[in-house]
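Reviewing the structure listed below.
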Amino acid sequence: MKIGTLGPKETDSYRATIYWINKYMNNDFEIILFDAYEALFCKLKNLDYILMPVGYINRQSKNYMAWVDFHFKYLKKLTIYTLFHLPTKEMLLVENSNPQIDKAVIQAATFELLKANTENCDIVYASSKPRALTLFLKEKYRYTICSSDDYYLRKKDFDLIIRESFRPEMIWVVYKVNVGVE
């Protein structure tokens, strides 16, 4: 069976997918990773299940898609199979003390965490926290919010400051893709 979720493997979505398969299914699943949930929903006919967080939102989409938008848009093509809660990986608000770009780069769902813990700044959105960290390090943005495990693997010799850490609980939805989806 095939289950689609947000990639890369460093995402909370991938981690939640592994957790769900191991805890509840004990079946042989192939995990298909997508760069964005919008891309995943274009490939429904190739999937048996979808896993996504209810906290998903894409603030850069021209349609401003969030979990509830997908839920209602694909109501006839998907059935909620199960729900579960699982904390995200520890997240870090990281500041570059010597930025080249005086903006934040974040995954859109972390917007309120950034807003509550920094002064007002312009924001660039990435499709996932790992992609936000990649841009943050490469382009030298002022702020990002990333997973701590990914941060410690990649921070190297940058002059970075950890401003805050978070470990929110998240609700995850597993959908069964209805047979015969066009």
Side-chain angles (χ1 to χ4, degrees), residues 1-59 61 63-93 106-117 125-133 144-153 164-181:
M1 287 192 262
K2 295 180 181 178
I3 185 166
T5 197
L6 183 68
K9 288 184 177 182
E10 294 80 14
T11 63
D12 283 303
S13 295
Y14 179 79
R15 179 176 155 267
T17 302
I18 295 292
Y19 171 85
W20 177 73
I21 291 169
N22 290 337
K23 183 161 181 150
Y24 299 105
M25 297 306 286
N26 297 320
N27 290 343
D28 188 26
F29 273 85
E30 177 184 358
I31 300 172
I32 310 296
L33 299 176
F34 292 85
D35 290 338
Y37 279 104
E38 288 79 358
L40 180 154
F41 281 94
C42 291
K43 302 286 185 181
L44 286 178
K45 65 182 176 190
N46 300 329
L47 300 169
D48 299 299
Y49 295 90
I50 292 168
L51 183 137
M52 71 184 300
V54 298
Y56 179 78
I57 189 165
N58 182 348
R59 294 178 193 274
S61 166
N63 297 324
Y64 196 76
M65 298 291 282
W67 168 78
V68 70
D69 299 315
F70 290 114
H71 180 73
F72 289 142
K73 183 175 182 177
Y74 296 98
L75 196 59
K76 293 182 180 179
K77 296 180 180 183
L78 302 172
T79 303
I80 293 177
Y81 184 79
T82 193
L83 303 166
F84 65 96
H85 65 92
L86 181 70
T88 65
K89 298 182 200 179
E90 179 185 34
M91 293 183 217
L92 302 175
L93 169 59
I106 59 171
Q107 195 280 331
T110 63
F111 172 79
E112 290 297 334
L113 293 174
L114 178 77
K115 185 176 156 187
N117 291 282
Y125 294 108
S127 61
S128 65
K129 290 189 302 283
R131 287 188 175 84
L133 180 58
T144 195
I145 295 177
C146 59
S147 297
S148 64
D149 59 345
D150 199 16
Y151 170 79
Y152 287 114
L153 284 174
E164 191 66 59
S165 66
F166 317 96
R167 183 134 177 147
E169 192 81 15
M170 183 55 64
I171 298 168
W172 300 90
V173 179
V174 179
Y175 287 102
K176 174 79 174 112
V177 177
N178 295 331
V179 178
V181 169

Whether Phe111 and Tyr125 hold their rings parallel, tilted or perpendicular, with breakpoints at 30° and 60°
tilted
Separation between CG (Asn117) and CD (Glu112), nearest 0.5 Å, reads 10.5 Å
Quickly, which of Tyr14, Trp20, Tyr37 forms a side chain to side chain donor-acceptor pair (under 3.5 Å) with Thr5? Name it, please.
Tyr37
Answer whether the closest heavy-atom distance between the side chains of Asp48 and Lys176 falls below 4.5 Å.
yes
Output, in order, the C-alpha distance, side-chain angles, deciding distance and verdict of side chain to side chain contact (heavy atoms under 4.5 Å, CB included) for Ile31 and Leu51.
CA-CA 10 Å; Ile31 300 172; Leu51 183 137; over 6 Å; no
Rounded to the nearest 0.5 Å, what separates atom CE in Met52 from atom CH2 in Trp67?
8.5 Å
With the side chain counted from C-beta on, respond yes when Thr17 and Trp172 share a heavy-atom pair under 4.5 Å apart, and no when they do not.
no
Considering all heavy atoms of both residues, which atom of Met170 and which atom of Gly55 are nearest to each other, and what is their separation?
SD-N, 3.7 Å
Strictly distance-based, threshold 3.5 Å: is any side-chain N or O of Asp12 a donor or acceptor partner for the main-chain N or O of Lys89?
yes
Any luck finding a side-chain donor-acceptor pair between Tyr56 and Ser13 under 3.5 Å?
no
Rounded to the nearest 0.5 angstrom, the CG-CD distance for Leu6 and Glu38 is 9.5 Å
Lys76 backbone acceptor or donor facing Asn178 side chain under 3.5 Å
yes
In the structure I gave you, are the side-chain heavy atoms of Arg131 and Pro8 within less than 4.5 Å of one another anywhere?
yes
Interatomic distance, OG@Ser127 vs CD@Gln107, rounded to 0.5 Å, equals 7.5 Å
Test item: Leu86 and Arg15 side chains (from C-beta on) under 4.5 Å apart, heavy atoms:
yes
Near Asp28 CG, under 6.0 Å, is it more than 12 heavy atoms from other residues, nucleotides or ligands?
no
Contact check, side chains of Phe166 and Thr110, non-hydrogen atoms, under 4.5 Å
no
What heavy-atom pair brings Phe84 and Ala16 nearest, and what distance separates the two atoms?
CZ-O, 3.7 Å
In Å and rounded to the nearest 0.5 Å, what is the CD1 to CG distance from Ile3 to Leu33?
10.5 Å
Return yes when atom CD1 of Ile171 has more than 12 non-hydrogen atoms of other residues, nucleotides or ligands closer than 6.0 Å, and no otherwise.
no
Would you call the rings of Phe70 and Phe41 parallel, tilted or perpendicular, where under 30° means parallel and over 60° means perpendicular?
parallel
Salt-bridge contact Asp150-Lys129 (side-chain N to carboxylate O under 4.0 Å):
no
State, yes or no, whether a side-chain contact exists between Leu40 and Leu47 at a heavy-atom distance under 4.5 Å.
yes
Given side chain to side chain contact (heavy atoms under 4.5 Å, CB included), test Leu78 with Leu44 step by step and report yes or no.
CA-CA 9 Å; Leu78 302 172; Leu44 286 178; 4.1 Å; yes
Roughly how far, to the nearest 0.5 Å, is SG of Cys42 from CZ of Phe34?
9.0 Å
I want to check something: taking the side chain as every heavy atom from C-beta on, are Lys2 and Val177 in contact at a cut-off of under 4.5 Å?
no
What about the rings of Tyr175 and Tyr74, do their centers lie closer together than 6.0 Å?
no
His71 vs Val54, test: side chain to side chain contact (heavy atoms under 4.5 Å, CB included). Steps then yes/no.
CA-CA 10 Å; His71 180 73; Val54 298; over 6 Å; no
